[in-house]
Enquirer: 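Let me begin by handing over the structure; questions about it come next.
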Amino acid sequence: MTTIRLHDTRSGELRELRPRDGGKVGIYACGPTVYARIHVGNARPFVVYSLLKRYLEHEGLDVTLVINITDINDKIYVAAESLGVASADLAAQMTAHYQADTEALGLGRPDAEPLASATIATIVALIADLIDSGNAYAVAGDVYFRVRSDADYGSLSCRPIDEMNQGEDDELSPVGASLKEDPLDFALWKAHKKGEDTVWDAPWGRGRPGWHIECSAMAEQFLGVGFEIHGGGNDLVFPHHENEAAQTRMARGAELAQIWMHNGMLQVPSNGAKMRGATDQAKMAKSVGNVAALHEVVDAFGRDALIMLFVGAHYRQPMAFDVERMKEARARVARVRDAARGLVDGESPAQMRPLRDAFFAALAEDFNTAAALGALFEWINERHKPRAEPVGRADLVEMLSVLGLQNLAGDAGEPGPEEQELLERRQAARAGRDYDEADRLRGELRVRGWEVRDGPDGPELVRVEP
RNA sequence: GGCGCCGUGGCGGAGUGGCUACGCAGCGGCCUGCAAAGCCGUUUACUCCGGUUCGAGUCCGGACGGCGCCUCCA
């Protein structure tokens, strides 16, 4: 089997993917908190891990992808209150939006999309185990994780324990009286507070789960302890993933995941600032207010262009996002689509095989979609060279399928009778040297989504974006 | 301030010490009634300063700059 290596945050190195059980691979990626519609930045991990799954399946592995949905959270309470709706209703509404918005990416659904609110029993049981083993303590209805009981705490984010600060909860605790034994400790369970309209029973009191415990619980429930790949944005390394790892380590005596993958952030330059050397750019984040909603971007540029944008850079790198980048991605899509026209069914020429192989070799080395895309475009350049035999589409379809862009090599459909008639009228006009009329008819066809291309064998109608 | 990542041609963006990444845009040309698509060409880039090496964008040290995390965040 192909050796597949992925960058592991904890070791800081590429690690070979070694499935525990035969060819089975579990991937858990942290999904959104549903208090508003998601932005393009939130879509990056969804795309990265969905495509990683496709690639691993291409390599013959049996992949289970789990992307959770956080539907219990302070932000949801706050947003719901300001809207005057029940927090559970807001979360349900935004969950539906999230699923529709990501569905529009056309990459399918994860194998499981667990909700925190539907995993309470598992969460409570995990917390109970942590209390029983002395790694957590209940106080006044809250439950805290005893960070210093984990000798390996900090090993994921690679930072010394004494320079860390959990922050969360400190401000929410009663004034001047933190309930924690140690400021490093973080909440596993939060006692019910006024204004919170969702609450669950637990042995230590009514309340709700803390931020980090849900992922430990859901990942274990769906994939077991010690699964292959845990992913998410690199802004989650600390404290979220550090805490997740610590919880499972202390409760189970084993590491939650083998490889911790983290994708880079989208960067949004303001005022046309350039990516490099600019001072006025920032990560796309709701708190910064520089977000572009996923559904708006997909509506404006199409899912093909957005996926092309994402695969155009290595997943770990920060990625520039703005209108110009989207236009460029759209142009790349057009080049691929054009290259796919005129291909015939069947195998591709043997001389082009090395480029197809280079594509997959790039993916095997830390899922380098940017390098792979380079090989794909080299394949396209080769495809355009004059050759005696028609070119089979097998290689191209195989590569595009892994990128979720196989539709670019699909059949665009046939022009209808009206378009055919317009084309014939244009031909008649051209024959009569009435080029103004011919150009007018060409423009009419363009508006209908068909581009006229005059070739040696006469005009051809090509499907394009209207 | 601490930890981590990064600094490549007009722009985006790969890059395992030695041979054209790739894409987009612009310009010139071929083709064309004009276009589109495609093809050819486009004065050859690696922040700066040292070091290692026969040879460094690619390794080491330093400087400067950027980004992320350290607080909710994909």
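So you know, we letter chains A, B, ... as the sequences are listed, proteins then strands, and number each from 1.
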Enquirer: Kindly say whether, by distance alone, the side chain of A:R442 makes a donor-acceptor pair under 3.5 Å with the base of B:C34?
Expert: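 Yes.
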
Enquirer: Please measure how far the C1' atom in B:G26 lies from the corresponding atom in B:G9, and state the result in whole Å.
Expert: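 Straight-line distance between the two C1' atoms is 14 Å.
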
Enquirer: Answer yes or no: side-chain N or O of A:D235 and base N or O of B:C72 forming a donor-acceptor pair under 3.5 Å.
Expert: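 Answer no: no donor N or O sits under 3.5 Å from an acceptor.
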
Enquirer: Base, sugar-phosphate, or nothing: which does A:D439 touch, judged by heavy atoms less than 4.0 Å apart?
Expert: base

Enquirer: Taking atom C1' in both B:C46 and B:A14, compute the distance separating them and give it to the nearest angstrom.
Expert: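 13 Å, rounded to whole Å.
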
Enquirer: Just wondering, more than 12 heavy atoms not from A:E81 lying within 6.0 Å of its CD?
Expert: no

Enquirer: Base, sugar-phosphate or nothing for A:G374? Non-hydrogen atoms, less than 4.0 Å.
Expert: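 A:G374: base contact, heavy atoms under 4.0 Å.
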
Enquirer: Centre-to-centre under 6.0 Å for A:H212 and A:H241, is that the case here?
Expert: no

Enquirer: Side chain of A:R335, base of B:A37: donor and acceptor closer than 3.5 Å?
Expert: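 Answer no: no donor N or O sits under 3.5 Å from an acceptor.
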
Enquirer: Quote, to the nearest angstrom, the P distance that separates B:C6 from B:G29.
Expert: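 Going atom to atom, P in each nucleotide, I get 44 Å.
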
Enquirer: Provide the Watson-Crick or G-U wobble partner of B:U58, both distances under 3.5 Å; none if there is no partner.
Expert: none

Enquirer: Would you kindly give the CD-to-P distance between A:E437 and B:G33, to the nearest whole Å?
Expert: 19 Å

Enquirer: Across all strands shown, which nucleotide pairs with B:C69 by Watson-Crick or G-U wobble geometry, both distances under 3.5 Å?
Expert: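 The base-pairing partner of B:C69, which may sit in any strand shown, is B:G2.
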
Enquirer: Are a donor atom and an acceptor atom from the side chains of A:N73 and A:R208 found within less than 3.5 Å of each other?
Expert: no

Enquirer: With both distances under 3.5 angstrom, what nucleotide forms a Watson-Crick or G-U wobble pair with B:U52?
Expert: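 When the pairing criteria are applied, nothing turns out to pair with B:U52, so the answer is none.
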
Enquirer: Please state whether the base of B:G23 and the side chain of A:R330 form at least one donor-acceptor pair under 3.5 Å?
Expert: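 Between B:G23 and A:R330, which were checked side chain against base, a qualifying N/O pair under 3.5 Å is absent.
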
Enquirer: Report yes if at least one side-chain N or O of A:N368 is closer than 4.0 Å to OP1 or OP2 of B:G13; otherwise report no.
Expert: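 Answer is no, no contact under 4.0 Å.
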
Enquirer: A:W450 has an atom CH2; how far is it from atom C1' of B:A37, in whole Å?
Expert: 16 Å

Enquirer: What's the gap between B:C34 and B:A45 when it is taken at their P atoms, as a whole Å value?
Expert: 38 Å

Enquirer: If we call it a pair only when both distances are under 3.5 Å in a Watson-Crick or G-U wobble match, what pairs with B:G10?
Expert: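 Paired with B:C24.
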
Enquirer: Using only heavy-atom distances, determine whether the side chains of A:Y55 and A:T369 contain a donor-acceptor pair under 3.5 Å.
Expert: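 A:T369 and A:Y55 do not have a side-chain donor-acceptor pair below 3.5 Å.
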
Enquirer: What is the separation between atom CD on A:E13 and atom C1' on B:U16, rounded to the nearest whole Å?
Expert: 16 Å

Enquirer: Once you apply a heavy-atom cut-off of 4.0 Å, does A:H39 come out as touching a base, just sugar-phosphate, or nothing?
Expert: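 Base contact.
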
Enquirer: Report yes if a donor N or O on one partner sits less than 3.5 Å from an acceptor N or O on the other, where the partners are the side chain of A:R433 and the base of B:G33; otherwise report no.
Expert: no

